[in-house]
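Below is one structure, written out as structure tokens; the observations come after it.
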Amino acid sequence: MAEELDLFAAASQQQAGSGSSIPRFSPLAQRMRPRNFQEFVGQQEAVGGGRFLRQMIEKDQISSMIFYGPPGTGKTTLAQMIAGMTGSIFKKLNAVAAGIADIRQIVKEADEARKFYQQRTIVFIDEIHRFNKSQQDVLLPYVEDGRLILIGATTENPFFEVNHALLSRVRIVRLYQLTDGQLVKILKQALLDKERGLGNQPITIRDNVILAMAQMAGGDARMALNILEGTASMLPLTGGEITLDMVQEILGQRVQRYDKTGDNHYDTVSAFIKSMRGSDPDAALHYLARMIAAGEDVKFIARRVVICAAEDVGNADPMALVMAMNAANAVQFIGMPEARIILGQAVTYIASAPKSNAAYLAIDAALQDVRSKNCGPIPLHLRDAHYKGAAKLGHGTEYIYPHDYPGHFQEQAYLPQELQQAHYYEPSDNGQEKNMGDYLRQCWPKRF
């Protein structure tokens, strides 16, 4: 690829398209919305050649579906393409502003279109996860009997946000964040397109600047095109070169795609914990940085670190929990931005520590027995003997005090009679827990 791409010269050789109904003063991202699969970039898993959905669209056999994916990945575009390619009437609602009356009006119009013009109606509901249960229930009979073909779009996990009854009547189509390479292709299309894009504007831009735009957009085609449009507007009418400094000036600080109550929140936290558990400090720091940059509550992060220290490091390195608790306290005492340093230290310590979940598994196994079995009474010799009359009941009279014996240990029964064969804690051979296991095997050779 050439180091510098003079897109004005290239655009002068491009033939104009067939015309567009979108006003030229509309945002570039709106003007460049793909009209067919030849212009559509990405999402090969869903609509690539030979894929089921692609065939259904081309055969005009569309059924109701929900597009689920991050912003700027083509959800609205695909819905509009489907409507155009299938010859259906296309109605668009935004779940934030629409209500039940809007749905009923669309149903009435859909009945008339089917009766008098033999046309189907596609209703596209953006942010469908914002419809409440009653609004979603209103859609059910019309989706089921085919009066409406529902295409929903959501950035949130539909299995959490959409009623099960509605989910059972639609197909879930997962869309994925676009790659940097795909965004570069989209940006170059906009720069070369004389009909809808910037092809008539004398612009020079280097490949590394186009790539930087793509990377800063974070998989969002709309954001990438907005960055391009913003930088192009900084040029004089006589044209010029878009530079990296201009891109950074337009963008400022990169916007983090992170909703503290949404699906991405849980995905990021999950990746954060799994990276610490998997002993990858670099990955753990990356997800920590994502949460910090997005403004996540540092106390929430600290609680996740404390849990990971106990659950995943455990007795392989008991200092991990001490480190995590000290960090949690220090974070509240210090606050941001310095709290990031404390969290970074705790996260790297826990990610780098030897791992054991033996204590975590042990308490869960013990709880399972308590909840499901007749565990019997507490043995008499272990009961409280610090009150008058306890000895008459036999409480504590036969208790053996371990410190009176060599090694400060003497075998005696501690579990209830009904659980004498129970075994919960199985020390690993990792870190300090190996020493604990050696000691327990010496004390209880039949059990450990």
Side-chain angles (χ1 to χ4, degrees), residues 266 269-270 272-280 284 302-326 328 346 349-448:
Y266 295 106
V269 171
S270 175
F272 174 58
I273 293 170
K274 288 171 180 172
S275 297
M276 286 192 291
R277 180 185 298 145
S279 299
D280 190 333
R303 288 195 293 271
R304 300 301 100 189
V305 174
V306 171
I307 293 169
C308 186
E311 178 180 343
D312 297 307
V313 177
N315 290 327
D317 184 353
M319 279 302 297
L321 183 56
V322 176
M323 170 73 77
M325 277 305 302
N326 284 340
Y349 186 99
I350 289 166
S352 305
K355 303 298 189 295
S356 171
N357 67 342
Y360 159 63
L361 295 176
I363 182 57
D364 278 2
L367 278 170
Q368 179 62 27
D369 273 3
V370 168
R371 290 167 177 162
S372 62
K373 293 181 179 180
N374 174 19
C375 296
I378 294 173
L380 290 177
H381 65 285
L382 298 182
R383 297 188 189 186
D384 181 25
H386 294 89
Y387 62 93
K388 188 177 180 180
K392 293 181 180 179
L393 298 174
H395 292 186
T397 56
E398 296 184 15
Y399 173 63
I400 299 172
Y401 189 57
H403 296 297
D404 289 341
Y405 294 85
H408 298 257
F409 173 80
Q410 180 62 32
E411 185 174 350
Q412 65 181 321
Y414 289 97
L415 281 165
Q417 182 62 38
E418 287 79 356
L419 294 177
Q420 285 299 304
Q421 304 304 314
H423 181 52
Y424 305 122
Y425 182 48
E426 188 62 51
S428 73
D429 289 332
N430 292 340
Q432 295 185 44
E433 196 166 37
K434 183 179 187 304
N435 297 331
M436 297 179 186
D438 291 341
Y439 171 73
L440 290 172
R441 282 186 285 274
Q442 179 183 342
C443 295
W444 307 97
K446 294 181 180 179
R447 193 190 308 170
F448 290 89

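Here the structure is a predicted model, which means the values were calculated and not measured. Heavy-atom basis, side chains included; hydrogens, waters and symmetry copies ignored.
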* Mark yes when over 12 heavy atoms from residues, nucleotides or ligands other than Y401 sit less than 6.0 Å from its OH; otherwise mark no. => no
* Single hit among L382, I378, L380 for side-chain contact (heavy atoms from CB on, under 4.5 Å) with H395 -> L380
* To do: May I ask you to test the Q417-P377 pair for a side-chain heavy-atom distance under 4.5 Å?
  => no
* To do: Quick one: closest heavy-atom pair of A358 and S428, and the distance?
  => CB-N, 4.5 Å
* To do: Measure the SG-CG distance between C443 and D438 for me, rounded to the nearest 0.5 Å.
  => 11.0 Å
* **Value rounded to 0.5 Å, distance of CD1 in I350 from CD1 in I307** => 11.0 Å
* Asked: If every non-hydrogen atom of P379 is compared with every non-hydrogen atom of R383, which pair is closest and at what distance?
  -> O-CG, 3.3 Å
* Can you check whether R304 reaches V269 side chain to side chain, under 4.5 Å on heavy atoms? -> yes
* **4.5 Å side-chain heavy-atom contact, W444 and F409** => yes
* Asked: Under a 4.5 Å cut-off applied to non-hydrogen side-chain atoms, are P318 and M436 in contact?
  -> yes
* Would you confirm whether Q420, through its side chain, and L415, through its main-chain N or O, come within 3.5 Å as a donor-acceptor pair? => yes
* Measure across C308 and I273 and return the closest heavy-atom pair with its distance rounded to 0.1 Å. => SG-O, 4.3 Å
* Shortest non-hydrogen contact from R441 toward D429 -> NH2-OD1, 4.3 Å
* To do: State, without any angle test, whether Y425 and E433 hold a side-chain donor-acceptor pair at a distance under 3.5 Å.
  => yes
* To do: Output yes when a side-chain donor or acceptor of K274 lies under 3.5 Å from a complementary backbone atom of F272, and no otherwise.
  => no
* Do other residues, nucleotides or ligands put more than 12 heavy atoms under 6.0 Å from the CD atom of E398? -> no
* With side chains defined as the heavy atoms from C-beta onward, is the minimum distance between L419 and Y424 less than 4.5 Å? -> yes
* Please round to the nearest 0.5 Å and tell me the distance separating atom OG of S279 and atom CG of D312. => 9.0 Å
* **Interatomic distance, L440 atom CG to E426 atom CD [nearest 0.5 angstrom]** => 9.5 Å
* Neighbour count >12 (heavy atoms, 6.0 Å) for atom OH, Y360 -> no
* Looking only at heavy atoms, what is the nearest atom pair of C375 and V370, with distance? -> SG-CA, 3.8 Å
* So do the side chains of V322 and Y349 get within less than 4.5 Å of each other, counting heavy atoms only? -> no
* Do the non-hydrogen side-chain atoms of H381 and Q412 ever get within less than 4.5 Å of each other? -> yes
* Structure fact -> Rounded to the nearest 0.5 Å, the NZ atom of K446 sits from the CD atom of Q421 at a distance of 10.0 Å
* Which atom pair, heavy atoms only, marks the closest approach of P354 to A316? -> O-CB, 3.5 Å
* **Any donor-acceptor N/O pair, K434 side chain to P427 backbone, under 3.5 Å** => no
* Asked: Are N315 and Q432 side-chain neighbours, meaning at least one heavy-atom pair lies under 4.5 Å?
  -> no
* Asked: Quick one: CG on D369 to CG on D364, what's the gap to the nearest 0.5 Å?
  -> 11.5 Å
